[in-house]
Amino acid sequence: MNQLLFEGRSLVGIVSSIIRQDDRRISFSRLDWERVYRLADYHKVANIVYIGLLGYREAVPDKWRDRFFRRYQESLQYGASCEDSLKEVLTWLDMREVSCTVLTSESVRSFYKISETADNTPVQIYLDEEHYYLAKGYLIDLGYETDESYKGFGERLKRVSSVSITLYYKLPFRTSKYDKNMVKILESAQVKDPYENIWMLPTESEFLYRMAGAAYRYVTDELTLREVLELMLCHRAWKEEIDEEDLWKRLADFKIDGLAEKILEIAYMWFGEKTDMFLMTRADDTFVYDILEERILTRGIVNHENDEQALKLQSLVEKELEKEKKAEGKDIKKERRSKRFTELKRRLDWIFPDYHYMSSIYPAVEKVPALLPLYWVIRGLRLLWRGIRG
């Protein structure tokens with residue numbers, strides 16, 4: 001467990017040194033590079049780590065250094081085509097009058113000092129279920145393939161040398177409170193120039209969406225370092241445009257304002273500058289941040305959660321998941337009953353064929369329909385006799 005945390009903290013150290021552009025030294029001697037790569041890939045920061053490994057050729061086995069390099073190459077390719085690829089997709093949707101909302105845009109890529117350290121999956125689009133399948137079909141025609149599925153919500157599609165796009169027909173949040181407040185966020189969307197059917201969240205709403213999403217994924221143990229990093233980058237870039245008082249009030253409606261603030265604080269602690277004013281207001285009790293750090297870096301394996309908002313939200317999500325499991329179990333039982341009924345019906349239809357079939361074999365049935373039951377028996381005895389003789 002200590003090794004898992006050590007590698008997670010080392011990963012944060014490598015990423016932060018590149019983001020901050022400082023010369024922080026990382027000890028590579030104790031790292032299990034297979035685990036570090038898989039951890040970096042899960043947290044979507046493998047391309048950043050590669051830059052941090054330059055100059056340490058002897059410390060990293062060739063196999064894993066090459067894998068980090070492939071992720072870095074992908075980020076170079078994405079950077080060149082990101083804007084054009086997204087424009088192509090949005091233009092097609094707009095021309096077909098498909099109304100959709102861009103939840104997170106590619107603009108976050110511009111907040112990185114080194115462009116190739118940006119994420120390859122910056123764009124999320126929400127649209128109704130009917131148009132979802134139309135849009136997905138179009139992306140498949142363009143050469144996109146499903147990279148990851150989100151059951152009941154949507155999927156992420158990926159194409160070589162192009163931006164990855166996440167499509168949602170239902171926002172990926174459970175609980176009625178989240179659903180209600182997410183709808184309010186969507187209602188704030190505005191038409192994105194020069195389109196007529198493409199909507200965009202204003203800056204404050206997009207940041208609210210990102211913050212609420214981060215808090216939710218924290219309690220489901222799916223929050224990534226990339227997401228935490230981009231919270232800090234977005235807040236730093238947008239803070240002059242955001243009404244902080246209104247932001248925290250809207251997060252309070254989700255009942256996650258305290259939790260969200262702590263996540264943003266640890267984002268600045270990990271990746272921000274010492275001069276960032278946001279760090280000046282953080283809590284004095286560092287144990288609070290230790291709990292967040294351990295849970296995020298171990299994906300919930302180390303979990304000493306004591307935040308009331310986190311525990312409450314986690315409980316609500318777990319209850320919803322339990323309801324879904326029960327509903328799914330009922331659906332499975334219903335499907336099994338349906339299959340058994342269909343099989344029984346098929347057998348009965350074979351044992352007791354309908355009038356038209358029987359009259360074609362036995363003319364007497366056509367003349368006297370009341371004889372149908374008798375000829376069922378006669379047919380059954382003949383088949384039985386054939387079986388005995390056969």
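FYI, the numbering just counts along the sequence from 1.
- Salt bridge annotation for Glu322-Lys326: absent, with no cationic side-chain nitrogen under 4.0 angstrom from a carboxylate oxygen.
- With sequence neighbours excluded, no residue forms a ring pair (Phe, Tyr, Trp, His ring centres under 6.0 Å) with Tyr126.
- Thr220 pairs by the side chain to side chain donor-acceptor pair (under 3.5 Å) definition with Glu222, not counting sequence neighbours.
- Among all heavy-atom pairs drawn from Ala212 and Leu251, the shortest one is N-CD2, 4.2 Å.
- Both Tyr133 and Tyr144 are members of a single hydrophobic cluster when ILVMFWY side chains are connected at heavy-atom separations under 4.5 Å.
- With sequence neighbours excluded, no residue satisfies side chain to side chain donor-acceptor pair (under 3.5 Å) with Glu106.
- Two different hydrophobic clusters hold Leu231 and Tyr42 under the rule that ILVMFWY side chains link at heavy-atom gaps under 4.5 Å.
- Within the structure, ring-ring contact (aromatic ring centres under 6.0 Å, His included) pairs that include any residue of residues 46-71 comprise Phe28-Tyr56, Tyr37-Trp64, Tyr37-Phe68, Tyr50-Phe69, Tyr50-Tyr72 (at least two apart or interchain).
- Note on Met95: it does not cluster hydrophobically with Leu167, by side-chain heavy-atom contacts below 4.5 Å among ILVMFWY residues.
- Note on Val12 and Phe287: same hydrophobic cluster, where clusters join Ile, Leu, Val, Met, Phe, Trp and Tyr whose side-chain heavy atoms are under 4.5 Å apart, directly or indirectly.
- Listed by chain and number, the residues in a side chain to side chain donor-acceptor pair (under 3.5 Å) with Arg236 are Asp276 (sequence neighbours excluded).
- Put simply, the side chain of Glu230 never gets that close to the backbone of Glu227: no donor and acceptor are under 3.5 Å apart.
- Within the 4.5 Å cutoff, side-chain heavy atoms of Gln3 are placed close to those of Glu7.
- Applying the salt bridge (charged side-chain N to carboxylate O under 4.0 Å, His left out) definition to pairs two or more places apart or across chains, those involving residues 173-199 are Arg174-Glu324.
- Contact of the Ile125 side chain with the Leu90 side chain is registered, since non-hydrogen atoms from C-beta on lie closer than 4.5 Å.
- Residues passing the side chain to side chain donor-acceptor pair (under 3.5 Å) test with Glu148, sequence neighbours excluded: Arg156.
- In this structure, Phe111 has its ring center under 6.0 Å from that of Trp238.
- Using a 4.5 Å heavy-atom threshold, the side chains of Leu142 and Glu88 count as touching.
- Applying the salt bridge (charged side-chain N to carboxylate O under 4.0 Å, His left out) test to pairs two or more places apart or on separate chains, those with a residue in residues 247-256 are Glu204-Arg250, Asp246-Arg250.
- Ser10 contributes a side-chain N or O that, together with a main-chain N or O of Phe6, makes up a donor-acceptor pair within less than 3.5 Å.
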Could you walk me through whether Tyr218 and Glu305 pass side chain to side chain donor-acceptor pair (under 3.5 Å), step by step? CA-CA 11 Å; Tyr218 170 76; Glu305 192 59 65; 2.5 Å; yes

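- A 4.5 Å side-chain heavy-atom check between Ser188 and Leu201 finds at least one atom pair inside the cut-off.
- With rounding to the nearest 0.5 Å, the separation of CG in Leu225 from CG in Leu229 is 8.5 Å.
- Partners of Phe153 according to the ring pair (Phe, Tyr, Trp, His ring centres under 6.0 Å) rule, which considers only residues two or more places apart in sequence or in another chain, do not exist here.
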Go through the steps to decide whether Arg70 and Glu74 satisfy the test salt bridge (Lys or Arg N to Asp or Glu O under 4.0 Å), and finish with yes or no. CA-CA 6 Å; Arg70 283 201 291 272; Glu74 287 177 4; over 6 Å; no

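- Judged purely by distance below 3.5 Å, without hydrogens or angles, the side chains of His131 and Glu97 never pair a donor atom with an acceptor atom.
- Using the six-membered ring where Trp is involved, Phe254 and Tyr178 have ring planes that are perpendicular, over 60° apart on the 30 and 60° scheme.
- With a 6.0 Å radius and a threshold of 12 heavy atoms from other residues, nucleotides or ligands, Glu145 has its CD atom at or below the threshold.
- In this view, Tyr362 and Tyr375 satisfy the ring pair (Phe, Tyr, Trp, His ring centres under 6.0 Å) rule, not counting sequence neighbours.
- Tyr138 pairs by the ring pair (Phe, Tyr, Trp, His ring centres under 6.0 Å) definition with Trp92, not counting sequence neighbours.
- The salt bridge (charged side-chain N to carboxylate O under 4.0 Å, His left out) pairs that include a residue from residues 116-142 are Lys136-Glu155, where partners are two or more places apart or lie in different chains.
- The OG1 atom of Thr203 sits 12.5 Å away from the CD atom of Glu240 when rounded to the nearest 0.5 Å.
- A distance of 11.5 Å separates OG1 in Thr101 from CD in Gln190, rounded to the nearest 0.5 Å.
- Contact check for Cys100 versus Ile198: side-chain heavy atoms found under the 4.5 Å cut-off.
- Under the 4.0 Å criterion applied to side-chain N and carboxylate O atoms, Asp62 and Arg65 are assigned as salt-bridge partners.
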